[in-house]
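Note sheet for the following structure.
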Amino acid sequence: MSRIARAFLARDPLDVAPDLLGRHLVRIDAAGVRRVGRIVEVEAYLGEADPASHAYRGPTPRTRVMFGPAGHLYVYRSYGIHWCANIVCGLDGVAAAVLIRALEPVAGIDAMYTDRPTARRVTDLASGPGKLCAALGITGDDGGTDLCARVGAICLEAGEPPDEPVWRGPRVGISAAVDHPWRFWLARNPHVSGPRSRPE
DNA sequence: TAATAGATCATCT
DNA sequence: GATGATCTATTAG
C-alpha cells in the first residue's frame, strides 16, 4: 500500500477534491487496529479567497496549519462537540484545504462501532464529518499530523478509483459563499451524508 | 418520515 | 459575548 505523495495534494483544491474520492483514509488506532475508510464525499475550501473558509481572515493559531505545506491534517471542533478533519492542500502559503465529509468503512469496522455507539448500521458509521472522526478516533490531538510522512498514525493510500459518476453541488452547512458547487461525492454511494441527488 | 431543539466549547470580536 | 464546515433524540403527522 503506497502512501499518496505530497505533490498530489499540492495543487488547486478544486482539482484535488474530486481526485480524493475513492482513496483510502487509513488510521492506526491506539490499540494498533488499522481502521480504513474509502473517501466518498468531500468539500473544497479555498482559504483567504473563500468567505466560507476558516482561513478567510488570515492565519490564526487555529488555522496556522492550513498556511503550511500540503499533506497535513487540519482538525477543528464543530459546535463544541464534534471533530472535523481537513486535508491541507494547495501551495505553501495558500490556505487551501479539503474537508472529508463521508467515508465508506473498509476495515476495522468493529473498532469503529465501539467509537460510534449510536450507529445502527454501516451507513451510520462515517456518513458525516463529525461521525467519521469519531469512527476513526481522530481528535484535536491529531491536528497537524503529516499524512505524507514515511511513518505515522494517519495516512492516505491509493484505494480504488471511483466506479461510478462523481457529482458536484453546493457545500453543506455554511452561511457564506453558499452558491459555489465545491462539494463532490460519488453519485450513488449510500455512505454519503446529506443530499445525494444531482443539483439541476 | 420530517421537522426541530438541545448539547457544548474553542475561537475570534 | 456570539457564533458555528454537526449529530442525535424527541416530537408530531
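Lettering follows sequence order; numbering is per chain, from 1. Just so we're clear, the structure is a prediction, and the values are computed from it rather than from any experiment.
- In this structure B:dT4 sits in a base pair with C:dA9, meeting the Watson-Crick or G-U test at under 3.5 Å.
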Report the C-alpha separation of A:E43 and A:R101 in whole Å, then their side-chain angles, then the decisive distance to 0.1 Å, and conclude whether the salt bridge (Lys or Arg N to Asp or Glu O under 4.0 Å) test is met. CA-CA 7 Å; A:E43 283 177 2; A:R101 286 196 56 89; 3.7 Å; yes
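- Nearer the 5' end of DNA chain C, as judged by each residue's closest nucleotide, is the contact made by A:M66, out of A:R116 and A:M66.
- Atoms CD1 (A:I174) and P (C:dT3) sit 18 Å apart, rounded to a whole Å.
- Going from atom NZ of A:K131 over to atom C1' of C:dA9 covers 13 Å, rounded to whole Å.
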Go through the steps for A:D29 and A:R34 under the test salt bridge (Lys or Arg N to Asp or Glu O under 4.0 Å), then give the verdict. CA-CA 6 Å; A:D29 71 18; A:R34 189 179 150 88; over 6 Å; no
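- On a pure distance criterion of 3.5 Å, no polar donor-acceptor pair joins the side chain of A:Y79 and the base of B:dA7.
- Side-chain atoms of A:H82 lie closest to C:dT6 of the nucleotides B:dT11, C:dT6, C:dG4.
- Computed from coordinates, the A:D179 CG to C:dA5 P distance equals 17 Å when rounded to whole Å.
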Test A:D92 against A:R6 for salt bridge (Lys or Arg N to Asp or Glu O under 4.0 Å), laying out the working first. CA-CA 12 Å; A:D92 264 27; A:R6 201 177 309 281; over 6 Å; no
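- Side-chain atoms of A:V172 lie closest to C:dT6 of the nucleotides B:dA7, C:dT6, B:dC12.
- Summarising the geometry, the separation between CZ on A:R64 and P on B:dA10 is reported as 17 Å, rounded to the nearest angstrom.
- Side chain of A:R77, nearest nucleotide from C:dA5, B:dC9, B:dC12: B:dC9.
- Relative to the ring axis of A:Y74, A:R64 does not place its NZ or CZ within 45° and under 6.0 Å from the centre.
- Atom CG in A:L132 sits about 17 Å away from atom P in C:dA5, given to the nearest Å.
- In this structure, CD of A:E43 is placed 8 Å from P of C:dT6, rounded to the nearest angstrom.
- Look at OH on A:Y76: it is 18 Å from P on C:dT3, rounded to the nearest Å.
- Residue A:R62 is classed as a sugar-phosphate contact, given heavy-atom separations below 4.0 Å to backbone atoms only.
- Contact annotation: A:H54 reaches the phosphate of C:dA5 (side-chain N/O to OP1 or OP2, under 4.0 Å).
- No salt bridge links A:R171 with A:D179; every basic N to acidic carboxylate O contact stays at or beyond 4.0 Å.
- Taking side-chain N and O atoms only, A:T118 has a distance below 4.0 Å to OP1 or OP2 of C:dT8.
- Phosphate contact (OP1/OP2 of C:dT6, side-chain N/O of A:R101, threshold under 4.0 Å): present.
- Remark: P of C:dC7 and CG of A:L125 are 13 Å apart, rounded to the nearest angstrom.
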